[in-house]
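Shown next, in structure tokens, is the structure this report addresses.
In listed order, ligands and their atoms are each counted from 1.
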Amino acid sequence: MSLSRVLDRIDADLPASLERLFAVLRLKSISADPAFKDDVRRAGEAFVAALAEMGFEASLRETPMHPVVVAHWTGAVENPDKHVLFYGHYDVQPVDPLNLWSADPFDPKIEERDGVKVITGRGSADDKGQVVTFLEAMRALLAEDGRLPVKVTVLLEGEEESGSPSLEPFLKANAAELSHDMALVCDTDMWARGRPAITTSLRGLVGEAVTISCADRDLHSGSFGGPAWNPIRLLAKILASLHDDTGRVTLPGFYDGVDETPADVVASWDALGRDAESFLRPVGLKTPAGEAGRSILEQIWARPTCEFNGIVGGYTADGFKTVLPAKASAKVSFRLVGHQDPAKIRAAFQARVREMLPPDATVEFHPHGGSPGFSMPFDSPWLASARDALTEEWGVEALLIGAGGSIPVGDAFARLLNMPTLFVGFGLGDDRIHSPNEKYDLESFHKGTRSWARILKKLA
Ligand code: BES
Ligand code: ZN
């Protein structure tokens, strides 16, 4: 039976697969930092070359920011009536603070951490390691069968970690080329080590950078403090106004479109046993800070939030400078669920800032991202096939879970390409994505590759 030969080949080729993964992990594709623009392109080129070598018609397609990798399989296919679009991203998050990494983020290695073999480096889990599981599964299928189970188009984005500004125009301009039966995305987590999962909902994201300016220069805080407005004080007051004492966000209309999760669903989540203590302990915390009266999983999977991602102003270097700064800035983001409207929430936030400013202060806003939440129906036959394949590989039933993070493409595929999306990933909560010392379990990589081979076979 050919599936077992394919799986054997994945096992035998693991060292070579890791070498191919390491080659792309060495490329510094940090999309947010313009200094790495050429490195991002080189990573895109490396994926084009890898796909072309496998026999895909692959090319790098320009956008105003970072290029997109598109590759079509035009060779033999077991079931040519099915066509899937695989999506992933080849860009990564910035690595700072660099001093908190125990090794070079772009020099991947296999290492043992807490008795578990892991692949280290920026992008190992988010998302190059996950993307390569899919590519290596196709490589093994082609090597053993000489054909793919279904038609496949691969779309790899270079801007996902920067809010995907070019993605929508790209999808609109290439809708006919990219719209297929179903999208597969490998950029999410499992439930736990050894327990696979399909992510059926993700939160949306609206980000806004805000800069408040007062005097036309920095001032002596003794000579001017008191009469002159301090933009840090104004900013702090505005940010503090955004939550009430129960952890709810205070913007008018913020909860419009947020449905209460049915009690039986909340109960099924409670049964998974992720209590505040076990959730917070691994990151060095003890007491929950979110919305009062809601469980951890409900907070992460089904409730919207407002978070402050960064704040700067005045003198922050060594020593002390008694200055009254001219400006203060913050980056604020909102995670969205249900039918919350990103545009309305952005407007409500801007209105709050403006109404709290005295006439002497001015404000500038810079938008970041803007995507609604995503959820998929539970009765899709694709979901059932993928679930069976995962269960067979891992020997335990795959769970259907939500995700607190955002992958704007799910909503974009539905809206612009009229295509459903299936999110299957092999990340773990302790992968430290977006943090120093990111890793991907070797087992995630290996069994993830085997899982995709099984899923593709099932889909045929
Ligand atoms: N892969 C993550 C999202 C994710 C993380 C999903 C964990 C499920 C579990 C993705 O690359 C990511 O980090 N997205 C950003 C999106 C933003 C920059 C628009 C996020 O969620 O902050
Ligand atoms: Zn990702």
Check against side-chain hydrogen bond (donor to acceptor under 3.5 Å, both in side chains), D11 and H446 | CA-CA 8 Å; D11 298 348; H446 182 199; 2.7 Å; yes
Residues H66, S166; criterion side-chain hydrogen bond (donor to acceptor under 3.5 Å, both in side chains); working and verdict = CA-CA 8 Å; H66 298 302; S166 309; over 6 Å; no
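Interface atoms of ligand 1 facing G163, defined by a heavy-atom separation under 4.0 Å, are 19 (C). Residue G405 approaches ligand 1 through these ligand atoms, each under 4.0 Å from one of its heavy atoms: 21 (O).
Of all the heavy atoms of I433, the ones lying under 4.0 Å from any atom of ligand 1 belong exclusively to the side chain. With a heavy-atom cut-off of 4.0 Å, R335 touches ligand 1 through its side chain alone. Only the side chain of H89 comes within 4.0 Å of ligand 1, counting heavy atoms alone; its backbone N, CA, C and O stay farther away.
Distances from atom 4 (C) of ligand 1 to the heavy atoms of D187, I300, D431, T188 show the closest one on D187.
When the shell of 6.0 Å around CD of E57 is examined, it contains 12 or fewer heavy atoms from other residues, nucleotides or ligands. For R294, the CZ atom counts as densely surrounded, since its 6.0 Å shell holds more than 12 non-hydrogen atoms of other residues, nucleotides or ligands.
Both tests do not hold together for K151 against W73: distance to the six-membered ring centre under 6.0 Å, angle to the ring axis within 45°. A cation-pi arrangement is absent between R122 and F106, since the terminal nitrogen or guanidinium carbon is not both under 6.0 Å from the aromatic centre and inside a 45° cone about the axis.
Heavy atoms of R203 come nearer than 4.0 angstrom to ligand 1 in no pair at all. Using a 4.0 Å cutoff on heavy atoms, Q93 does not count as a contact of ligand 1.
With R450 as reference, E393 is the one residue of E136, E443, E393 to meet the salt bridge (charged side-chain N to carboxylate O under 4.0 Å, His left out) rule.
Counting protein heavy atoms only, atom 2 (C) of ligand 1 is closest to D126 OD2, 3.8 Å. Shortest contact from atom 11 (O) of ligand 1 to any protein heavy atom: E160 OE1, 2.8 Å. The single protein non-hydrogen atom nearest to atom 8 (C) of ligand 1 is A403 CB, 3.7 Å, given as residue, atom name and distance. Taking atom 19 (C) of ligand 1 as the reference point, the nearest protein heavy-atom neighbour is L205 CD2, 3.5 Å. Scanning all protein heavy atoms for the shortest distance to atom 14 (N) of ligand 1 gives S406 O, 2.9 Å.
Take the N/O/S atoms of H89: the one nearest the Zn ion (ligand 2) is NE2. Residue D126 approaches the Zn ion (ligand 2) most closely through its N/O/S atom OD1.
Aromatic ring pairs are classed by plane angle as parallel below 30°, tilted from 30° to 60° and perpendicular above 60°; the pair F334 and F254 is tilted. Classified by interplanar angle (parallel below 30°, tilted 30° to 60°, perpendicular above 60°), the ring pair F134/W452 is perpendicular.
We find the CZ-CG distance between R387 and L399 to be 7.0 Å, quoted to the nearest 0.5 Å.
For a threshold of 3.5 Å applied to N or O pairs, the pair formed by S162 and ligand 1 contains no separation below that value.
For a distance bound of 2.8 Å, the N, O or S atoms of D127 include none lying that close to the Zn ion (ligand 2).
Annotation: side chain of F374 is not in contact with side chain of S201 (no heavy-atom distance under 4.5 Å).
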